[in-house]
Amino acid sequence: MARANDEAAALLRELADLLSITGGDAFKIRAYEKAARSLQGHPDDVADLPPSRLREIPSVGEAIAKKVEDYLATGTIRQVEELRTRIPAGVRALTEIPGLGPKKALALYDEIGVASVDELADAIGRGRLRGLKGFGPKTEENIRHGIELLRQAGERSLVDVAADLADEIVAVLAEVPGVERCAFAGSLRRMRETIGDVDVLAATDDPRPVMEAFTALPFVTEVIAGGDKKTSVRTSRGLQVDLRVVPPEAWGAALQYFTGSQAHNVRTREIAVRAGLRLSEYGIFDVESGALIASETEEEVYARLGLPWIHPTLREDAGEIQAALAGELPRLVTVDDLRGDLHSHTDLTDGTATLEEMVRAAIGRGLEYYAVTDHAPNLVMQRMTSEKMLAQRERIRALNARTPELEILHGTELNIDGDGNVDWDAEFLAGFDVCVASVHSQFRQDKDTMTRRFVRACENPYVHVIGHPTTRSLGRRGPVDADWDEVFRAAARTGTAMEIDCFPDRLDLPADLVRRAKRLGVRFSVDTDAHSLRDHRNIRFGVGVAQRGWLTPDDVINTWPLDRLRAFFAAKTERA
DNA sequence: GCCGTTTTCGGCCCGACTGTTTTCAGTCG
């Protein structure tokens with residue numbers, strides 16, 4: 001089940017959206033949004049919390065605590081229900097379109113009766129937006145493009161949604177009597193950045209009980225197909241899930257087969273054919289005799305093909321077979337290799353947890369060092385000042401003295417302005433242990449300008465990491481336009497790391513660019529960019545991207561011991 | 001609606017960018 005926190009947060013967010021459409025008080029709206037973020041990032045499940053403790057959650061006061069209690073008792077919030085009768089769900093959905101906010105959504109509904117994304121697309125097609133006040137040709141084109149983006153994204157889910165769902169399913173099915181093994185396969189096991197549907201595999205000789213347990217899961221909304229070998233369902237999370245049941249002795253072959261990718265499987269089957277073998281989801285068979293040769297484990301299946309086991313994240317037919325044959329597969333970086341995290345926020349800016357709470361979470365991850373990198377002043381809405389930053393540094397010094405198990409680094413996330421300059425002067429920047437620098441504005445600059453901007457940021461002696469470099473937001477905003485090879489050469493030359501930001505809607509750099517950058521000698525930092533305690537668990541998604549980019553521990557600077565990392569930063573500053 | 005080393009009222013997430021405008025509204029980070 002989704003946590004009660006997530007559902008309560010969704011309701012508060014809906015309340016905020018509906019109020020912004022109907023023109024409610026802006027501060028009240030922000031208070032709901034803030035509370036929603038805080039709830040979602042809160043580690044304790046509100047369903048298990050006594051009502052008296054709800055108000056201990058930051059940004060949750062008397063009124064919002066009541067609403068959460070309302071939700072826990074009735075499954076909904078009264079004010080939300082009331083507003084729903086006035087504003088159709090489709091009107092709120094309009095605000096999902098990038099570039100279209102609450103005011104324009106309401107105008108479309110009031111003026112021409114548009115109450116869903118489909119109706120809006122239709123209205124544009126019929127030219128019904130022409131002459132509507134505030135909707136010129138550019139706006140119309142932006143909305144049209146926004147709908148396209150939204151529809152592309154709608155077909156696939158972010159990896160964290162799919163991973164949570166898959167983990168829940170596997171946990172339940174693994175406990176069904178007779179099930180010997182259970183795991184997810186498919187694009188999720190390969191850690192693709194978005195997931196079309198979830199593939200779950202179970203090994204048992206008695207399929208019936210596991211199929212029944214599967215279709216009885218609370219979030220299953222529709223059974224599309226149900227058989228002994230395969231059952232497909234739709235879920236309330238927007239994802240389809242396929243469950244395949246195989247006999248235990250076929251586990252390895254089935255896991256290999258259903259993990260894919262299709263292109264990878266075509267290659268492995270070709271190798272089998274050339275050796276007089278046949279590879280299917282049931283095993284490797286001798287073509288002539290029909291005898292089963294191997295099927296129990298993936299390792300055996302690959303071994304019979306003359307290959308070492310290939311990590312799922314590499315199975316894209318992107319050179320992994322050749323590398324495997326040559327004995328040149330990389331030793332991929334793992335979550336356990338990471339000693340530090342170089343990008344995180346606290347409630348000093350837009351995080352929802354305190355410095356002390358975030359540090360405890362970092363200790364819980366077993367990290368040796370942890371950078372707190374709150375936003376710098378040029379991102380005006382965060383209201384950072386030099387004084388606040390220095391005060392935080394003092395708090396970190398004091399906390400470090402009490403925290404022998406972890407070294408807290410004082411950092412900041414700088415803003416790369418339109419010309420490639422960042423906040424503060426050299427003297428102030430020199431006071432930080434680590435500086436991440438990111439683009440937060442002027443996303444539409446032309447390619448040459450954007451490239452120069454990044455190169456200049458790399459050339460800044462105090463910029464150690466370029467944060468979420470492409471600034472894409474999956475389903476909302478495409479990547480900025482830059483000559484990435486030029487940027488990567490500058491990063492390699494100056495000793496500037498490229499970040500892999502672990503947020504499921506960022507995953508930035510994307511894996512294909514990671515691989516290109518690695519070839520040009522770039523180093524990477526795999527960071528959570530955590531804004532809440534829960535965000536720490538996103539680390540596995542960023543590591544997935546690093547693996548898909550063929551990175552080894554040595555490529556990733558936050559696997560290094562702290563003294564090596566400090567030397568790397570110092571070398572950059574001295575070189576400049 | 002929340003919050004407090006400027007406190008229990010009066011602030012709070014400001015300013016750039018875009019597109020539509022003739023001086024500004026809407027959106028976004």
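Rounded to whole Å, atom P of B:dG29 lies 14 Å from atom CD of A:Glu413. Atom CG in A:Leu39 sits about 11 Å away from atom P in B:dC2, given to the nearest Å. Look at CG on A:Asp347: it is 15 Å from C1' on B:dC12, rounded to the nearest Å. When rounded to the nearest whole Å, the span between CD of A:Glu56 and P of B:dC2 equals 15 Å. As rounded to whole Å, 14 Å separates atom C1' of B:dG15 from atom CZ of A:Phe443. One interatomic measurement links the two molecules: OH of A:Tyr32 to P of B:dC2, which rounds to 8 Å at whole-angstrom precision. Rounded to a whole Å, the CE atom of A:Met384 is 16 Å from the C1' atom of B:dG29. The CD atom of A:Glu387 sits 15 Å away from the C1' atom of B:dT5 (whole-angstrom rounding).
The same atom, P, is picked in B:dT20 and in B:dC14; the two are 27 Å apart, to the nearest Å. Taking atom P in both B:dT6 and B:dC2, the straight-line distance is 23 Å, to the nearest Å. Taking the C1' atom of each, B:dT8 and B:dG15 are spaced 31 Å apart, rounded to whole Å. B:dT23 sits 22 Å from B:dT18 when the P atoms are compared, rounded to a whole Å. On the P atoms, B:dT5 is 15 Å away from B:dC13, given to the nearest whole Å. Distance noted for atom C1' between B:dG11 and B:dC17: 27 Å (whole Å). Spacing between B:dG19 and B:dC12 at atom C1', rounded to whole Å, works out to 29 Å.
With its ring centre under 5.5 Å from that of the base six-membered ring and a plane angle below 30°, A:Phe27 counts as stacked on B:dC12.
Side chain of A:Arg383, nearest nucleotide from B:dC12, B:dG1, B:dC3: B:dC12.
For B:dG29, the paired nucleotide is B:dC14, the pair qualifying as Watson-Crick or G-U wobble because both relevant distances are below 3.5 Å.
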- For every nucleotide of nucleotides 17-27 of chain B, 5' to 3': is a protein heavy atom under 4.0 Å from its base (B), only from its sugar-phosphate (S), or from neither (-)? S-SSS----SS
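Of the two residues near DNA chain B, A:Lys28 and A:Glu33, the one whose nearest nucleotide lies more 5' is A:Lys28.
At a threshold of 4.0 Å, the pair A:Asp17-A:Arg13 does not count as salt-bridged, since none of the basic side-chain nitrogens sits closer than that to a carboxylate oxygen. Salt bridge A:Arg472/A:Glu193: present, at least one basic N to carboxylate O contact under 4.0 Å. In summary, A:Arg3 and A:Asp45 do not engage in a salt bridge, as defined by a charged side-chain N under 4.0 Å from a carboxylate O. A salt bridge does not link A:Glu459 to A:Arg456: none of the charged side-chain nitrogens sits closer than 4.0 Å to a carboxylate oxygen.
Between A:Val487 and A:Cys458 the shortest heavy-atom distance is O-SG, 4.4 Å.
The aromatic rings of A:His345 and A:His375 sit parallel to each other, their planes meeting at less than 30°, with 60° as the upper class boundary.
The CZ atom of A:Arg534 lies 11.0 Å from the OG1 atom of A:Thr352; values are rounded to the nearest 0.5 Å.
Note on residues 437-452 of chain A: no pairs pass salt bridge (charged side-chain N to carboxylate O under 4.0 Å, His left out), not counting sequence neighbours.
A:Gln382 comes within 4.0 angstrom of no nucleic acid atom, judged by non-hydrogen atoms across all strands. The residue A:Ile64 sits close only to the backbone: its heavy atoms come under 4.0 Å of sugar-phosphate atoms, none of a base.
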